[in-house]
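For clarity, every value in this text was computed on a predicted model and none was experimentally measured. Values below: every heavy atom of this structure, side chains too, minus hydrogens, waters and symmetry copies. The chains referred to below are lettered A, B, ... by the order of the sequence lines, with proteins before strands, and numbering in each begins at 1.
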Amino acid sequence: VRSEIVAWIVAQLDVLGVAGDGGRIDETTGLFGRGVGLDSIEVLQLVAAMEERFDVTVEDEELDPERFRTVGSLATFIEEKRAWASDRS
Amino acid sequence: VREATGRAPIINVRDLALAAGHLVALPVAWLVPERHWVRIGRWLGTTSTWLPMNRHILQRIREAARREPELGDPRGLLIEFRARTWEQRFQYLREWHPRGWRPQLRLLGEDHVRRALDAGRGAILWVASQAGATLAVKKAFHRAGYGLHHLSIPAHGLSTTRFGTVVLRPIRIHPEVRVLRERIEMARGDELRALRLLERILRENGLVSISCVPRGRRQVRLGIAGGQVPVPSGAPSLALRSGAALLPVFLVRRGAGQLDVLVEAPLEPPPSCPQRAAVEALLGQYVERLRLHVRRDPAAWRPWGLLEFGPPTVNP
């Protein structure tokens, strides 16, 4: 399941046009700065897409840049949100 | 809103210089008529050209003038630049006077704002980094009856120390807050929350102002004044995501206390274009307009010290 989440994140980066040409993106790839260099608005776009795709809600208090530091940290966050959502239901 | 005082130092040398500058400026701002402010600022600027910060700026201006001779005498431009910085300081301090600062402000291009709000997707005022613009633009919109939501940072261009936060910062913030509907503070680590709030405001057809200063996670270097400056991609990116109109705003100084706040036609994203390319296209359009204003009034332009002379990222 985690590999699917990572694949989904990579696909989203491609939609944003930041995945590069043939550049390898894995869990260690940074989302900011020297990584794929997302700006904050692009991160919010990722959050919106994530809410829609995984049927979760990201609260304002959860918008900690640390969660969006790398592809891996975002995948972990998505896993946590999904687990929490399934516990509730 | 998160406080920036966490582990910030208590005070630094820059704070002392800023505090001294404000102490010098206060009697001028309160006692001297506004028509004399620039002349006094020019004199104060002349006496401080030896400061390392000014020498750094002069070096940049010299190189720019070598490439674009119409900028004129570099030292003269530096002094005029400093004079306008002092004038802005006088404006803020006069605002604390019981009678306040009462400039003759004209809001030009307001139809662009009305049209954008009539479309129902909100508007972003992207305010150029020009001396005097920070307060004058907010006042002009307040007088015209608009409620501005302004994006700001805790230091507010002054200082991030505890002394700066408690003593210096209010000098600028209080006069601005009086004429804003809301001041949205974007502390480090808090950017996503602040930007999400701005998105909501724009979705509710609100009017947001953002200063075009090089902060934020992503900046693009644009060619101007013979060199390049970093320009943040946040405002164009936010406009594209929210569908809000992106309206460049410039300040045109007609004379002492006579200012035009000029709202220009919206920057138009190219049709069916990837977002990154669309942001760069908007930045390219913006810098073309900015160039005209910098040529017209180079002393008002604030980022001289940030000018670099390498290849630009975007060169429209």
ask   = Say you draw a straight line from CG of A/D60 to CG of B/L192; how long is it, rounded to the nearest 0.5 Å?
value = 10.0 Å
task = Check whether B/R241 gets within reach of chain A through its side chain, its backbone, both or neither, counting any heavy atom under 4.5 Å.
result = side chain
query = Got a second to check how far B/E191's CD is from A/F68's CZ, nearest 0.5 Å?
reply = 12.0 Å
remark   = All heavy atoms of A/P65 vs all of B/G189, minimum pair found to be CD-O, 3.2 Å
key: Over 12 foreign heavy atoms within 6.0 Å of CG, A/D55   = no
ask   = Can you list the steps and then say if A/V43 with B/R196 is a side-chain contact (heavy atoms from CB on, under 4.5 Å)?
value = CA-CA 10 Å; A/V43 173; B/R196 206 188 219 188; over 6 Å; no
Atom pair CG (A/L44) and OG (B/S237), whose distance is rounded to the nearest 0.5 Å = 9.0 Å
key: SB check A/E42 B/R276 (cutoff 4.0 Å)   = yes
task = Please name all residues satisfying ring pair (Phe, Tyr, Trp, His ring centres under 6.0 Å) with B/H174, sequence neighbours left out, ordered by chain then number.
result = B/W96
remark   = Interatomic distance, OG@A/S40 vs CE@B/M186, rounded to 0.5 Å, equals 6.5 Å
message = Quick check on A/V47 against chain B: is it the side chain, the backbone, both or neither that has a heavy atom closer than 4.5 Å?
response = side chain
request  = Heavy atoms only: give me the nearest B/G234-A/I41 pair and the separation to one decimal.
outcome  = O-CG1, 4.0 Å
